[in-house]
Amino acid sequence: MSDIPSGKLAGFRGRMVMVGFGSIGQGVLPLILRHLDIEPSQISIVTADETGRREAEEYGVSFTVTPLRQGNYLSVLDPLIAAGDFLVNLSVDVSSLALIEFCRSKGALYIDTCIEPWSGQYTDTKRSPSQRSNYALREAALALKRKYESGPTAVLTHGANPGLVSHFVKQAMIDIARDTGLKADVPKSRAEWASLASRLGIKVIHVAERDTQVSPIPKAIGEFVNTWSVDGFVGEGCQPAELGWGTHERQMPPDGQAHAEGSRCAIYLTRPGASTRVRSWTPNEGPYHGWLITHGESISLADYLTVREGGEAKYRPTVHYAYHPCHVAVLSLHELAGKNWKVQKHKRLMMEEISEGMDELGVLLMGHAKGAYWYGSQLTIEEARACAPHNNATSLQVTVAVLAGIVWALENPDRWVTEPEEMDFERILEITRPYLGKMVGAYTDWTPLLDRGLLFPEDIDENDPWQFKNFRVV
């Protein structure tokens with residue numbers, strides 16, 4: 001990957017605190033040191049366990065094991081953060097909203113890869129499924145944004161997905177407009193992006209991801225194996241399945257529920273995402289069944305691309321994740337479900353042991369004049385290792401997006417709470433593309449009705465292939 005920029009992308013003279021240091025923290029640290037004008041002495045790590053101590057010491061970065069809780073996070077972080085500093089939140093079980101409000105009080109910048117609650121709230125049975133959803137977490141973040149008129153930039157949910165995929169969607173829309181002969185300038189506002197999506201006729205957007213990385217070490221019974229955070233995957237997999245709900249949809253799913261408050265741009269299913277499958281497509285894999293795991297972009301993209309007239313939604317696409325993880329993670333999910341969502345005692349992150357494979361991560365935009373268009377990254381494990389240490393193909397797509405979000409925040413330091421859709425997609429893609437392997441844009445005539453009803457009759461809507469009932473695997 002000789003085209004990786006060797007120069008510095010941004011200067012930084014403050015202190016940077018990384019909260020959490022799992023696979024993403026370990027993978028982004030060398031990128032931060034490579035591309036920011038920053039010294040290791042400016043960086044400190046506060047994390048919940050010993051994971052990553054060796055990697056931090058390799059780079060001469062301060063490493064402290066202090067789990068953050070509601071009762072101690074202020075006293076732990078107060079000496080470490082002041083005006084002009086930067087908090088990079090890559091933790092699980094630490095409230096994003098608490099850290100954002102703390103950073104605002106200090107005049108410090110902030111970024112995370114998802115909106116996290118305090119420990120236990122994802123699976124708290126005293127809360128309704130709606131209250132355990134990413135929709136509710138996003139609504140709380142937007143309420144915090146409205147609470148204050150301004151503040152230092154706090155970038156929400158800027159990993160690969162959510163995050164990078166929202167920039168993929170914008171590039172894909174530009175590509176489709178060009179290839180269908182629709183005359184349109186690059187949109188400059190939320191209303192213009194929503195109008196373009198409507199004019200293109202996009203009905204459905206999938207974040208369509210297929211991870212084929214493999215290891216010679218088989219999964220053991222009682223072990224959850226994954227190419228990224230086990231705790232993160234289990235947490236979001238146990239949340240309700242969620243999707244942005246399009247205006248073209250004719251029928252609410254039998255287990256579908258609308259939210260009572262907020263923008264009402266999304267619905268949830270009264271079942272975990274880790275037990276909900278959908279049909280999707282990627283260029284390398286072709287048709288596949290993926291899991292409808294809840295993700296922030298399913299909600300924020302649907303909301304961002306909504307066209308409203310008189311307060312009513314006149315256009316909105318259906319948006320959701322369609323994730324096929326690596327083979328051993330699939331086995332881990334089956335075992336997790338069989339134990340009624342009680343996570344296995346042993347957890348393993350595949351990193352150096354990976355022998356081959358790629359992470360094919362992109363967005364599939366459907367319903368327009370050319371049918372369906374996938375745009376995204378095909379990154380092999382060999383390419384990932386050549387790009388940066390302490391990464392695999394999955395983690396690098398996340399870590400370079402974190403880096404890009406940090407650079408964007410340094411370049412735009414007073415934007416307060418900001419979602420990926422509100423950022424400059426061209427700047428983000430400029431930073432991330434050299435690390436994403438082969439970037440692919442591919443049209444397909446695939447629909448979820450392909451080869452359906454051949455062996456057995458199925459309840460499908462043949463009049464509109466882009467109805468959610470046609471995507472769902474039952």
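Everything quoted here is computed from the prediction, not taken from an experiment.
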Taking only distance into account, with no hydrogens and no angle test, what donor-acceptor pairs under 3.5 Å do side-chain atoms of residues 81-90 form with protein atoms, sequence neighbours excluded?
| from | atom 1 | to | atom 2 | distance (Å) |
| --- | --- | --- | --- | --- |
| D85 | OD1 | R15 | N | 2.8 |
| D85 | OD2 | R15 | NE | 3.1 |
| D85 | OD2 | R15 | NH2 | 3.2 |
| D85 | OD2 | A82 | N | 2.7 |
| N89 | OD1 | S91 | N | 3.2 |
| N89 | OD1 | S91 | OG | 2.6 |
| N89 | ND2 | Y110 | OH | 3.0 |

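- For H206, the ring pair (Phe, Tyr, Trp, His ring centres under 6.0 Å) partners at least two apart in sequence or on another chain are H320, F471.
- Residues E335 and Q344 meet the side-chain proximity criterion, which asks for heavy atoms closer than 4.5 Å.
- Partners of F102 by ring pair (Phe, Tyr, Trp, His ring centres under 6.0 Å), not counting sequence neighbours: none found.
- Scanning for ring pair (Phe, Tyr, Trp, His ring centres under 6.0 Å) contacts around H324 gives an empty result, with sequence neighbours left out.
- With hydrogens and angles disregarded, a donor-acceptor distance shorter than 3.5 Å links the side chain of Q42 to the backbone of E39.
- Residues passing the ring pair (Phe, Tyr, Trp, His ring centres under 6.0 Å) test with W228 are F233, sequence neighbours excluded.
- Legend: ring pair (Phe, Tyr, Trp, His ring centres under 6.0 Å) pairs involving residues 341-364, not counting sequence neighbours: none detected.
- Ring geometry for H295 against Y321 counts as parallel: the plane angle stays under 30°, on a 0 to 90° scale with 60° as the upper cut.
- Contact check on E223 versus R348 returns a salt bridge, with a Lys/Arg side-chain nitrogen under 4.0 Å from an Asp/Glu carboxylate oxygen.
- By the 4.0 Å N-to-carboxylate-O rule, E285 lies too far from R279 to be salt-bridged with it.
- Judged by distance alone, with hydrogens and angles left aside, the side-chain atoms of S377 form a donor-acceptor pair with the main-chain N or O of L436 at under 3.5 Å.
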